[in-house]
Novice: 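Quick one: structure below, then a few questions.
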Protein chains: 2
Amino acid sequence: MSRKTFQRLALDERRQSLMEATLTCVARHGLDGTTVRRITEEAGVTPGLVRHYFGSKDELIKNAYAYLIGQLTARASESADTGEDGPPAAQQLRQFLLGNLTSPNLSEDKVSLWATFIGQIRHDPFFAEIHREGYREFLEFLERLVEGVLIDHGLPHRGPQCRRHAIAINGLIDGLWMEGSLNSGLYNRAILPDLAIEATERLLGLPAGALGTAGPAPHAPASQLQEEIAPCAMPE
Amino acid sequence: MSRKTFQRLALDERRQSLMEATLTCVARHGLDGTTVRRITEEAGVTPGLVRHYFGSKDELIKNAYAYLIGQLTARASESADTGEDGPPAAQQLRQFLLGNLTSPNLSEDKVSLWATFIGQIRHDPFFAEIHREGYREFLEFLERLVEGVLIDHGLPHRGPQCRRHAIAINGLIDGLWMEGSLNSGLYNRAILPDLAIEATERLLGLPAGALGTAGPAPHAPASQLQEEIAPCAMPE
DNA sequence: CCTACTGTTATACGCACGAATAATTTATGG
DNA sequence: CCATAAATTATTCGTGCGTATAACAGTAGG
């Protein structure tokens, strides 16, 4: 009986591969269905490696959560490119909303993962800390976008007011993202981007169309209705 | 060694007691930490009863979820009493917002339970069905409230428009409810009710104060702050 | 080419789980 | 007050889990 042949991987590659396999398992089978054996099978290795790289299953799962949140917030921020000579604030905010309410962020997998881990916040301060950090980053980023838009429109933009607006818009995004990802079928979720943009304009007191209400995006073609694919897309 | 003395309970009482013990366990230990032995210990009975009343642990958990959602939606609807001679629509909507963004609905336990089960939707159509029904009920109720308010203010209230408004406000409530319940400490969650009311006024295009922005509720005293304080903890 | 190192596999152990079955107690109706 | 059914307990069984340990194999330096 011969041993399995294997490949030595760099430390970070192996760790990353195990974390991604973990997220795949949690998304596919839930936390309770995620076992060390399944994770390592998904990653194509044997169970012993979990101990070798993370010490325990719990540690692996915590690291996988931090990895996921890092990806989510990074992608959310990237969608609105705030460069030195970036687009005007209104368009940045618009892209931010779009980025959160279309594929790939609007995904049943992602919201499922996200919710599963939220359920752990109460039982382990580590999860709470990761969540808090991600939320803070998201909120502050949004607050800066809001401030820029208000300035451009000559509206009052003192600190507390911007923060209140950011909290409300963030709530709106979160709620729509969740229900849209779960896709209960009560409405076509393709309406969400427009709906969020219009709602944001009203929340900020902007004139209708200030964020470019019509159509999905300046450069994208009109047919966005096509259902996004990616049934089992792993976080890359 | 003598046997444990026990009490015969009516079928529904026993079932309910087991479902509540299940929710307690899930909230306290997560789904993966919820075992038949723990559930029945919490309920003060022996593990055999799970099989007797629900057939299996999985069935028990599904029933517990349905029970939870039933409670949540019922309480949400009750908070705005829509009787024959109930209060004006604006106050009903206001109470609805308040009911969802103050204790006891704004609770870490509840959002933790809720998220845990959301994570199961993808793996079992039963959970998806329960969620869909609860969401539909919530949304339709909200839509009716919105319609009433728009009519009272002489604003356009055709069907599609009301629905869009309801979707947005529902998203807002969901998002604020979640982050507020998790209480990451980035802001005092006592500001949420006012914030939501103001945001809803803007979303619907109502004049400021139309929903009664000042103070928590007509009958409640001004000091609502006394509850959980948790002042803005400064991360870093 | 050898040797030391460590990433990786293979195997085993102890434990807690869900479920099934048997024994016993409570309630009910004539 | 007894007989009978149903509710509840007590115990057992097999399984899969997380983890620990030892054997093996790929890799690098001399």
Side-chain angles (χ1 to χ4, degrees), chain A residues 1-26 28-65 116 120 123-124 126-127, chain B residues 1-26 28-65 116 120 123-124 126-127:
Chain A
M1 179 153 107
S2 74
R3 269 198 172 216
K4 182 177 169 187
T5 70
F6 61 90
Q7 197 181 0
R8 282 173 103 103
L9 247 56
L11 187 139
D12 282 346
E13 290 178 69
R14 186 62 86 195
R15 284 177 62 89
Q16 184 173 331
S17 127
L18 280 170
M19 291 187 294
E20 283 170 358
T22 302
L23 294 180
T24 301
C25 277
V26 174
R28 200 176 289 162
H29 306 106
L31 243 193
D32 49 325
T34 296
T35 69
V36 169
R37 286 168 173 85
R38 259 214 266 253
I39 293 171
T40 51
E41 184 188 8
E42 173 74 27
V45 296
T46 50
L49 281 201
V50 166
R51 177 177 164 77
H52 189 261
Y53 280 101
F54 293 92
S56 75
K57 179 196 180 188
D58 274 0
E59 258 342 278
L60 167 56
I61 288 183
K62 286 182 192 173
N63 279 274
Y65 176 52
T116 300
Q120 295 297 306
H123 318 119
D124 192 320
F126 179 88
F127 288 96
Chain B
M1 170 159 142
S2 72
R3 264 194 175 218
K4 183 177 169 187
T5 70
F6 62 91
Q7 197 181 0
R8 281 171 103 105
L9 248 57
L11 187 140
D12 283 346
E13 290 178 68
R14 187 62 85 195
R15 284 177 62 90
Q16 184 173 333
S17 127
L18 280 171
M19 290 187 294
E20 282 170 357
T22 302
L23 294 181
T24 301
C25 277
V26 174
R28 200 175 289 161
H29 306 107
L31 244 193
D32 50 324
T34 296
T35 69
V36 169
R37 286 169 171 85
R38 260 215 267 252
I39 293 170
T40 52
E41 185 188 7
E42 173 73 28
V45 295
T46 50
L49 281 200
V50 166
R51 178 176 162 78
H52 189 261
Y53 279 101
F54 294 92
S56 74
K57 178 197 179 188
D58 274 1
E59 270 324 293
L60 167 56
I61 288 184
K62 286 181 191 172
N63 279 275
Y65 176 52
T116 300
Q120 296 296 307
H123 319 119
D124 192 319
F126 179 88
F127 288 96

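Every chain is numbered from 1, with letters handed out A, B, ... down the list of sequences. Computed from a predicted structure; not experimentally measured.
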Novice: Report the distance from atom CG of B/Leu18 to atom P of D/dA7, rounded to the nearest whole Å.
Specialist: 13 Å
Novice: What's the CG-C1' distance between B/Asp32 and C/dA16, to the nearest Å?
Specialist: 14 Å
Novice: Base, sugar-phosphate alone, or nothing: which one does B/Thr34 contact when heavy atoms must sit under 4.0 Å apart?
Specialist: sugar-phosphate
Novice: Report the distance from atom CD of A/Glu42 to atom OG1 of A/Thr35, rounding to the nearest 0.5 Å.
Specialist: 11.5 Å
Novice: Can you find a side chain N or O atom of B/His52 that sits less than 4.0 Å from OP1 or OP2 on D/dA7?
Specialist: yes
Novice: Given C/dA20, D/dT9, C/dC17, identify the nucleotide with an atom nearest to the side chain of B/Thr46.
Specialist: D/dT9
Novice: Report yes if a side-chain nitrogen or oxygen of B/Tyr53 is closer than 4.0 Å to either non-bridging phosphate oxygen (OP1 or OP2) of D/dA7; otherwise report no.
Specialist: no
Novice: Nearest to the side chain of B/Arg14 - D/dA20, D/dT8, D/dT19?
Specialist: D/dT8
Novice: Find the distance A/Leu60:CG to D/dT19:C1' and express it as a whole number of Å.
Specialist: 14 Å
Novice: I'd like to know if B/Arg38 and B/Glu41 make a salt bridge, using a cut-off of under 4.0 Å between side-chain N and carboxylate O.
Specialist: no
Novice: Ignoring the backbone of B/Arg51, work out which of C/dA20, D/dT19, C/dA19 is nearest its side chain.
Specialist: C/dA20
Novice: With a 4.5 Å cut-off on side-chain heavy atoms, are B/His52 and B/Arg14 touching?
Specialist: no
Novice: If I take atom NZ in residue A/Lys57 and atom P in nucleotide D/dG16, what distance separates them, rounded to the nearest angstrom?
Specialist: 15 Å
Novice: Rounded to whole Å, how long is the line connecting atom CZ of B/Arg38 with atom C1' of C/dG18?
Specialist: 15 Å
Novice: In whole angstrom, what separates B/Leu31's CG from D/dC17's C1'?
Specialist: 17 Å
Novice: Answer yes or no: side-chain N or O of A/Arg37 and base N or O of D/dG18 forming a donor-acceptor pair under 3.5 Å.
Specialist: yes
Novice: Look up atom OG1 in A/Thr116 and atom CD in B/Gln120, then write down how far apart they are to the nearest 0.5 Å.
Specialist: 6.5 Å
Novice: Expressed in angstrom and rounded to an integer, what is the separation of B/Leu49 atom CG from D/dT8 atom P?
Specialist: 5 Å
